[in-house]
Amino acid sequence: MSKITPPRFDNPLFVAIDTTDAGRAAALARAVASSAGGIKLGLEFFMANGAGGVHAVRAAAPDLPLFLDLKFHDIPNTVAGAVRAVAPLAPALLTIHASGGPAMIRAAREAAAEAADRLGIATPPAVVAVTVLTSLDDTDLMSVGQRGPSGDQVLRLTDTALAHGAAGVVCAPTELVRLRGRFGAQPLMVVPGIRPADAARGDQKRVMTPAEARSAGADVLVVGRPITGADDPADAAARIAHEIAAAELTGAA
Ligand code: C5P
């Protein structure tokens, strides 16, 4: 499968809006619209609100790229159908599980390209692969028949994903340097587990600040609760955007 050129985002800050409440999601999107580089909607939101809810959020922040994080994992035909079904929402990014295998990854990529072509969408959704869920330790991996240590499994699955048409991977901040070392500058690295220096860690164990993650090679920084759980989400997003911009200007990230 031919290599693809992943999309690049001038503003890497994608705000993860994880709620079942479409009204709250739209209000959050509106609040962060001037500071964020994109909005991430995931399973929790999509299962509660479907495509209609996604449209409502997009209407609240029409200029922001959408990251649809539904982590597809099924037979290739079904994943291709799911990609076609969400293509009219014009996500810039969508996720699949790399462990679905080569044919599934190719099917997702091909369906994204075909659907964008059919719908007249200039840039097809970039297919981004999840490798090993950060909730799995080495014992868990073995229990589902995968070989650890998990860092090595992340490399194997990234290799498979990129070889079969994924534009990049979702990875923990602590995996960035190793992945960039192995796979170079081209693949899109989408990174959750980002916490501003003064924020609570929540249940994220392997965290970095936005500036640290950019410096380690992140293209997209996924930040949820430090913004959505703040008393003033607009201010929290603006501060993080400022922290990123300041670090990049000084090169001191
Ligand atoms: O609230 P928080 O900043 O922890 O949100 C992180 C977002 O990234 C959530 O939407 C979560 O589902 C997602 N994510 C993650 N860890 C991964 C993969 C995705 O936290 N390993």
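- Atoms CG and CZ, from Leu64 and Arg58 in turn, are 8.5 Å apart once rounded to the nearest 0.5 Å.
- Side-chain atoms of Asp140 come within 3.5 Å of backbone atoms of Asp137 as a donor-acceptor pair (strictly under, hydrogens ignored).
- Here the closest non-hydrogen pair linking Pro124 and Ala112 is CB-O, 3.8 Å.
- Interatomic distance, Ile96 CD1 to Arg109 CZ, rounded to the nearest 0.5 Å: 11.0 Å.
- Apart from Leu119 itself, the hydrophobic cluster it occupies contains Ile121, where clustering links Ile, Leu, Val, Met, Phe, Trp and Tyr at side-chain heavy-atom distances under 4.5 Å.
- Residues Thr228 and Pro233 have side chains not in contact (no heavy-atom distance under 4.5 Å, counting atoms from C-beta outward).
- Across all non-hydrogen atoms, the minimal contact from Gly37 to Pro65 is O-CD, 3.0 Å.
- Residue Arg118 qualifies as enclosed at atom CZ: its count of foreign heavy atoms under 6.0 Å is above 12.
- A distance of 8.5 Å separates CG in Leu136 from OG in Ser150, rounded to the nearest 0.5 Å.
- Between Arg147 and Arg156, some side-chain heavy-atom pair lies under the 4.5 Å cut-off.
- The backbone N or O of Ala211 sits nowhere less than 3.5 Å from a side-chain atom of Ser215 that would complete a donor-acceptor pair.
- Remark: side-chain polar atoms of Arg180 are paired, donor with acceptor, to backbone N or O of Pro187 under 3.5 angstrom.
- Taking 4.5 Å as the limit, some side-chain heavy atom of Val54 sits within range of a side-chain heavy atom of Phe45.
- Pairing each heavy atom of Ala230 with each of Pro226, the nearest pair is CB-O, 3.6 Å.
- In the hydrophobic cluster analysis, where Ile, Leu, Val, Met, Phe, Trp and Tyr join through side-chain heavy atoms closer than 4.5 angstrom, Val177 is grouped apart from Leu162.
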Next on the checklist: side-chain contact (heavy atoms from CB on, under 4.5 Å), that's the test. Do Phe46 and Val86 meet it? Break it down for me.
Outcome noted: CA-CA 11 Å; Phe46 198 79; Val86 298; 4.2 Å; yes

Distance-only donor-acceptor hits, side chain of residues 14-23, under 3.5 Å, sequence neighbours excluded:
unit_1 : atom_1 : unit_2 : atom_2 : d
Thr19  : OG1    : Asp21  : N      : 3.0
Asp21  : OD1    : Gly23  : N      : 3.0
Asp21  : OD1    : Arg24  : N      : 3.0

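- Of all heavy-atom pairs between Pro192 and Val190, the closest is CD-O, 3.6 Å.
- With hydrogens and angles disregarded, no donor-acceptor distance shorter than 3.5 Å links the side chain of Arg214 to the backbone of Ala247.
- In terms of heavy-atom proximity, Ser35 sits nearest to Ala234 at OG-O, 4.3 Å.
- With rounding to the nearest 0.5 angstrom, the CG atom of Leu66 is 7.0 Å from the CG atom of Leu89.
- Shortest non-hydrogen contact noted between Ile240 and Pro196 is CD1-CG, 3.7 Å.
- Contact check for Ile194 versus Glu212: no side-chain heavy atoms found under the 4.5 Å cut-off.
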Checklist entry - Step by step, would you call Asn49 with Leu41 a side-chain contact (heavy atoms from CB on, under 4.5 Å)? => result CA-CA 11 Å; Asn49 300 291; Leu41 295 174; over 6 Å; no

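- Under the side-chain contact (heavy atoms from CB on, under 4.5 Å) test applied with Val132, the options Val154, Asp138, Leu155 reduce to a single match, Val154.
- The OG atom of Ser99 sits 8.0 Å away from the CG atom of Leu133 when rounded to the nearest 0.5 Å.
- Looking at His164 and Met104, their side chains never come closer than 4.5 Å, going by heavy atoms from C-beta outward.
- Residues Val170 and Met208 do not share a hydrophobic cluster, defined by chaining ILVMFWY side chains whose heavy atoms lie under 4.5 Å apart.
- The only member of Thr95, Ile39, Leu94 that meets side-chain contact (heavy atoms from CB on, under 4.5 Å) when paired with Phe67 is Thr95.
- Judged by distance alone, with hydrogens and angles left aside, the side-chain atoms of Asp219 form a donor-acceptor pair with the main-chain N or O of Met189 at under 3.5 Å.
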Item to check | Arg239 vs Asp235, salt bridge (charged side-chain N to carboxylate O under 4.0 Å, His left out): CA-CA, chis, key distance, verdict | outcome: CA-CA 6 Å; Arg239 282 169 184 272; Asp235 180 63; 2.8 Å; yes

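- Proximity of a side-chain donor or acceptor of Arg195 to a complementary backbone N or O of Val207 within less than 3.5 Å is not detected.
- Rounding to the nearest 0.5 Å gives a distance of 11.0 Å between CG of Asp152 and CG of Leu157.
- Under the 4.5 Å side-chain heavy-atom criterion for ILVMFWY residues, a single connected hydrophobic cluster contains both Leu43 and Leu68.
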